[in-house]
Protein chains: 2
Amino acid sequence: MSTRAAPFDELDRKIVAALMENARASFNEIGATIGLSGTAVKRRVDRLCANGVITGFTATVRPSALGWRTEAFVEVYCDSAAPPRRMGEVVRNYPEIVAAMTVTGGADALLHVRAADVQHFEEVLERIRAEPFVRKTISHLVLSHLQTMGSEAGAGRPASGNAAHHR
Amino acid sequence: MSTRAAPFDELDRKIVAALMENARASFNEIGATIGLSGTAVKRRVDRLCANGVITGFTATVRPSALGWRTEAFVEVYCDSAAPPRRMGEVVRNYPEIVAAMTVTGGADALLHVRAADVQHFEEVLERIRAEPFVRKTISHLVLSHLQTMGSEAGAGRPASGNAAHHR
DNA sequence: TATGAAAATAGCTGAAT
DNA sequence: ATTCAGCTATTTTCATA
């Protein structure tokens with residue numbers, strides 16, 4: 001857990017923020033903006049990766065450019081005895097399911113689905129509904145994004161943050 | 001009419017896939033795995049960025065490491081006359097809202113919310129519910145992720161894939 | 001335990017082919 | 001698309017506080 005040895009200070013926060021804004025920025029460049037040498041920045045990035053704070057670096061892509069033009073969230077209601085673990089295994093077989101989680105509220109699970117178009121989505125949905133432990137589904141097709149920002153889960157700390165310790 | 005502008009061939013697909021897996025990979029490294037020179041890879045990446053296929057490069061972070069330990073999806077039901085645009089403006093004032101979209105189904109909008117803890121989430125939810133045009137909300141707290149994969153919205157092409165307009 | 005400076009290696013990028 | 005050349009960045013080593 002996080003009680004030990006995670007001196008996540010202000011400099012780390014700024015480095016993470018810089019890398020979230022541009023993961024291909026050079027260490028020297030990042031260092032220049034936060035007042036550190038490139039060497040020091042690299043060391044801290046290496047440590048943040050080793051600690052699991054940074055889990056990777058990825059290109060963000062406009063899904064429609066790759067032909068994924070339809071997006072939906074699907075609430076899944078399971079048979080009462082269906083373990084979430086089963087869901088996890090099944091979900092792995094659907095390349096269209098980009099995220100899946102168990103949730104509170106009416107449904108047992110929520111699926112984030114991408115498909116080429118509504119026909120494709122309908123086909124995927126039929127396959128999901130045919131899974132043995134699925135009792136019913138409620139779909140929410142995404143019409144438009146109100147927030148296209150890249151600031152997802154921002155690098156700022158939460159308002160009532162019990163996050164960052166320091167020395 | 002396939003000669004112009006954005007062919008997006010198999011090599012581009014592989015480059016995008018490589019950058020989604022590791023956005024800090026060197027051009028030479030990517031080139032080596034797909035049989036191309038680093039220079040050629042760079043030119044293609046530049047073009048993919050200019051075309052808007054690639055929209056950026058970002059570090060992926062474990063939210064809990066930054067103190068965001070609670071996650072939820074909130075269905076928002078609006079007053080009948082509330083334009084989605086209003087939602088967009090409001091949403092911008094909540095750093096806790098990491099994504100917002102209009103959707104079909106019962107609700108008018110779906111919000112992806114991150115908070116430090118459930119207390120923080122409750123506070124955010126109360127603020128959202130106090131917005132003038134919000135009639136009711138249904139919250140789904142995320143319990144666990146069934147798919148922690150980094151393969152979100154995969155670089156593979158959809159089954160019936162036709163891709164790539166731009167500008 | 002941290003940093004910064006220097007040196008060697010590796011990568012980036014433009015021009016020519 | 002490749003090769004080459006000049007420049008920049010990364011990464012290791014070493015010295016310092």
Side-chain angles (χ1 to χ4, degrees), chain A residues 1-61 65-66 155 157 163-167, chain B residues 2-62 65-67 150 155 157 163-164 166:
Chain A
M1 308 272 281
S2 61
T3 52
R4 226 198 66 81
F8 189 84
D9 63 13
E10 189 66 11
L11 287 171
D12 289 319
R13 226 211 70 248
K14 286 179 179 171
I15 289 171
V16 168
L19 286 172
M20 286 180 73
E21 201 179 326
N22 177 16
R24 284 184 78 85
S26 77
F27 296 138
N28 285 331
E29 194 178 335
I30 294 169
T33 73
I34 68 172
L36 220 56
S37 73
T39 311
V41 172
K42 178 203 186 311
R43 264 193 301 260
R44 292 173 91 111
V45 171
D46 287 346
R47 199 195 58 209
L48 290 167
C49 289
N51 285 350
V53 174
I54 294 173
T55 57
F57 303 94
T58 184
T60 58
V61 168
L66 297 182
R157 57 189 178 301
H165 315 256
H166 55 267
R167 300 169 301 172
Chain B
S2 58
T3 51
R4 229 198 70 81
F8 200 82
D9 61 13
E10 189 64 12
L11 287 171
D12 289 318
R13 227 211 70 247
K14 285 179 179 169
I15 290 170
V16 169
L19 285 171
M20 287 180 72
E21 199 178 328
N22 177 16
R24 284 184 79 85
S26 76
F27 295 138
N28 284 332
E29 194 178 335
I30 295 168
T33 72
I34 68 173
L36 219 56
S37 72
T39 310
V41 172
K42 179 206 184 310
R43 261 203 312 268
R44 283 169 177 262
V45 171
D46 286 346
R47 199 194 60 209
L48 290 166
C49 288
N51 284 351
V53 174
I54 294 173
T55 56
F57 303 95
T58 184
T60 58
V61 168
R62 193 162 43 90
L66 297 182
R157 61 188 177 303
H166 61 274

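Bear in mind that the values here come from a model prediction, so they are computed numbers and not experimental data. To find a chain, count down the sequence lines: A is the first, B the second, and so on, and within it residues start at 1.
- Rounded to whole Å, the distance from CZ on A/Phe8 to P on C/dA2 is 15 Å.
- Protein atom CG of B/Asp46 is 15 Å distant from nucleotide atom C1' of D/dA1, rounded to whole Å.
- Considering only side-chain N and O atoms, A/Arg47 lies nowhere under 4.0 angstrom from the phosphate OP1 or OP2 of C/dT1.
- Shortest non-hydrogen contact noted between A/Gly31 and A/Val41 is CA-CG2, 3.5 Å.
- With C/dG4, C/dG14, D/dT12 as the candidates, the nucleotide lying closest to the side chain of A/Ser37 is C/dG4.
- Here the closest heavy-atom approach between residue A/Lys14 and residue A/Ile34 is recorded as CB-CG2, 3.8 Å.
- Taking atom CZ of residue B/Phe27 and atom C1' of nucleotide C/dC12, one finds them 8 Å apart after rounding to whole Å.
- Checking the phosphate oxygens (OP1, OP2) of C/dC12, no side-chain nitrogen or oxygen of B/Lys42 falls inside 4.0 Å.
- Closest approach of A/Met20 to B/Thr58, counting heavy atoms only: O-OG1, 2.8 Å.
- When the nearest nucleotides of DNA chain C are assigned to A/Gly38 and B/Arg24 by heavy-atom distance, the more 5′-ward of the two goes with A/Gly38.
- Between A/Phe27 and A/Gly38, the shortest heavy-atom contact is CB-O, 3.6 Å.
- Between A/Ser26 and B/Leu11, the residue whose closest nucleotide on DNA chain D is further toward the 5' end is B/Leu11.
- Distance CD1 (A/Ile34) to C1' (C/dA2): 14 Å, rounded to an integer number of Å.
- D/dA9 atom P lies 12 Å from atom CD1 of A/Ile30, rounded to whole Å.
- Contacts of B/Asn28 with the nucleic acid, taken as non-hydrogen atoms under 4.0 Å apart, involve only primed sugar atoms and P, OP1 or OP2.
- Scanning all heavy atoms of the two residues, the minimum distance from A/Phe57 to A/Leu19 falls at CE2-CD1, 4.0 Å.
- The side chain of B/Thr39 approaches C/dA15 more closely than any other nucleotide in the set C/dA15, C/dT3, D/dA9.
- For B/Ala40, taking side-chain heavy atoms from C-beta onward, the closest of the listed nucleotides C/dT3, C/dG14, D/dA1 is D/dA1.
- At a cut-off of 3.5 angstrom, the base of D/dA1 holds at least one donor-acceptor pair with the side chain of B/Arg43.
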